[in-house]
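See structure below.
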Amino acid sequence: MSYNWNWPIFFSPVPSGETTYLFWLIEGLKFTVLLSLSAWVLALIVGSLAGVLRTVPNRFLSGAATAYVELFRNIPLLVQLFIWYFVMPELLPKSMGDAFKQSDPLFQQFVAAFVCLGLFTSARVAEQVRSGINSLPRGQKSAGLALGFTLPQTYRFVLLPMAFRIVIPPLTSEFLNIFKNSSVATTIGLIELSRQAQQLVDYTAQPYEAFIVVTALYLMINIIVMSLMRVVEGRVRVPGYMGGK
Amino acid sequence: MQLIEIQNISKWYGEFQVLTECSTSVAKGEVVVVCGPSGSGKSTLIKCVNALEPFQTGNITVNGISLSDKKTNLPKLRSRVGMVFQNFELFPHMTIIENMTIAQEKVLGRSKEDALTKGHALLKRVGLVEQTNKFPGQLSGGQQQRVAIARALAMDPMCMLFDEPTSALDPEMVNEVLDVMVALAEEGMTMMCVTHEMGFARKVANRVVFMDRGRIVEDAHKDEFFGSPRSERAQEFLSKILSH
């Protein structure tokens, strides 16, 4: 196999001459990080709420939360993305849908990918949160109620602080997944990292360099996320409990 | 005056009846010990008293407030009924003093200073001031249970419920917990205790309630219960647990 390695390619100007290929990658990295972080915030909020509701005694609320979780985790991510991007604007009230369709394409792509990734991941977060709550001794809830806490207070002060600590490792996995899953946004044209890698290949015919660097960038993001979560885990560790001293 | 009045309580888990027409009462200042073989429903009964377990028929009143009345503010009622659990159930992510103060602040609306003062005083009383800033997981079982009793007392309860408070303890730690309970009884606290500690019952109980298969089989003054139990089941139970 003869392959012409050309590492300096990243510093060559792009065809339009305005910038370099490296800048394309940085631009892609920026969108991958922005999209993933914002979707993670959405996933944590919605997922925690759905996870808590799955454990409450009210059958209507827990049933609704279960339906939500099953819906969002049983439809392929790609299908969900197409629904949010192509179908939802048609289902909105006409004026809103038209305004959305006439907005900046980048805005449309970003919003659709943000909602899609956020809600898809929220279903998974919900399951983690639920399992965390259910893993606590039953007596903890009783003890909270027996002290006179209302049910919401019992969750707030007693159950959730421990449940979240317990599920930090699986939540870290979801946090890593959201960065990896964000690459599906390439299919609707969002210029995130993997999209830029493809573009680089199209323009330069240097696939090895392009994908080696992009792979390294994804790895770097996830190593940062893992280290960050390890710090969080250490900070909230409870002395005398599980891994605590 | 009867502080806790249990009237004809029945409870089912699906088809299975766990409590059958249980009636008893605890007067102000009285100490009632509930005992019986495992699975007899004693823990379930005591959890009905502060509505941690729902029941289908009958009624319970605490200080004249009916639990079956839909308008009863259960959290408010529970805040005045202290409960101690078999597995302590301290909140593991809070320090000992935080365990003591959180409900005082969030439920009773006390100021932080008042809650701390009360918390420290009670920790001193159960002999655990030096553990103030430790976490529950760093304490022994006996120490945790003493904190749990102090935590319940911090709410100034009108009565205390104990659900097998010494069953999960190493034998050498049982007495430190019982000592706290005896002192409490001698101060006149109204107490309902599910326990197998017959020494404790003999020492401080006024009455003993004996349960078997979801029914209250015997409800007698302690001397009568230990001296000449009427039911055969209670005689058998006593002979088994007192033979060593």
Side-chain angles (χ1 to χ4, degrees), chain A residues 48 51-52 55-62 128-129 131-171 229 231-245, chain B residues 43 46-47 49-54 73-96 98-109 131 133-140 143-144 148 151-157 160-164 168:
Chain A
S48 302
V52 165
T55 65
V56 299
N58 183 314
R59 290 232 179 107
F60 175 76
L61 289 177
S62 65
Q128 319 287 11
V129 170
S131 69
I133 294 170
N134 287 342
S135 73
L136 299 174
R138 258 178 61 97
Q140 285 283 298
K141 181 178 163 191
S142 301
L145 293 175
L147 280 171
F149 287 139
T150 59
L151 190 62
Q153 283 181 317
T154 304
Y155 274 90
R156 161 80 180 76
F157 299 123
V158 180
L159 301 178
L160 289 180
M162 279 317 288
F164 274 112
R165 282 174 168 88
I166 290 169
V167 299
I168 286 176
L171 280 184
M229 292 300 278
V231 170
V232 172
E233 205 175 345
R235 279 268 172 92
V236 301
R237 189 164 284 166
V238 174
Y241 190 85
M242 297 205 303
K245 290 185 279 292
Chain B
S43 283
I46 203 167
K47 283 179 185 152
V49 174
N50 62 355
L52 284 181
E53 287 279 356
N73 181 342
L74 288 180
K76 194 172 173 203
L77 179 74
R78 289 188 189 118
S79 72
R80 302 291 325 281
V81 177
M83 181 140 197
V84 176
F85 297 85
Q86 186 175 355
N87 292 308
F88 334 132
E89 305 301 353
L90 295 179
F91 307 136
H93 58 292
M94 296 178 200
T95 62
I96 298 307
E98 284 166 351
N99 264 280
M100 304 277 306
T101 54
I102 184 155
Q104 292 189 64
E105 289 175 42
K106 306 293 178 188
V107 177
L108 302 180
Q131 314 292 348
N133 293 312
K134 288 199 180 153
F135 284 84
Q138 298 170 310
L139 269 57
S140 72
Q143 290 174 325
Q144 288 191 54
R151 177 176 74 175
L153 291 175
M155 305 296 284
D156 291 322
M160 290 282 288
L161 307 174
F162 292 84
D163 183 12
E164 304 205 31

- Message: I need the B:Leu52 CG to B:Met83 CE distance, nearest 0.5 Å.
- Response: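 Result: 5.5 Å between the selected atoms.
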- Message: I need the B:Lys47 NZ to B:Glu53 CD distance, nearest 0.5 Å.
- Response: 6.0 Å
- Please examine the side chains of B:Phe91 and B:Arg151, heavy atoms only from C-beta on, and report whether any two atoms are closer than 4.5 Å.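 Side chain of B:Arg151 against side chain of B:Phe91, heavy atoms only: contact under 4.5 Å found.
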- What heavy-atom pair brings A:Gln153 and A:Gly148 nearest, and what distance separates the two atoms? OE1-O, 4.2 Å
- For A:Arg156, is it the side chain, the backbone, both or neither that has a heavy atom under 4.5 Å from a heavy atom of chain B? neither
- Contacting region of A:Gln140 [heavy-atom separation from chain B under 4.5 Å]: both
- Item | Part of B:Leu90 lying under 4.5 Å from any heavy atom of chain A | backbone
- Given a strict heavy-atom distance threshold of 4.5 Å, which part of B:Asn50 is in contact with chain A: side chain, backbone, both, or neither?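 Answer is side chain: those atoms of B:Asn50 sit under 4.5 Å from chain A.
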- Message: If we define contacts as heavy-atom pairs under 4.5 Å, which of B:Met94, B:Glu89, B:Lys106, B:Gln104 has the most with chain A?
- Response: B:Glu89
- Message: Between B:Ala148, B:Ser79, B:Pro136, who has the most heavy-atom pairs with chain A when the cutoff is under 4.5 Å?
- Response: B:Ser79
- Message: Please tell me whether B:Asp163 and B:Ser43 have a donor and an acceptor in their side chains that are separated by less than 3.5 angstrom.
- Response: yes
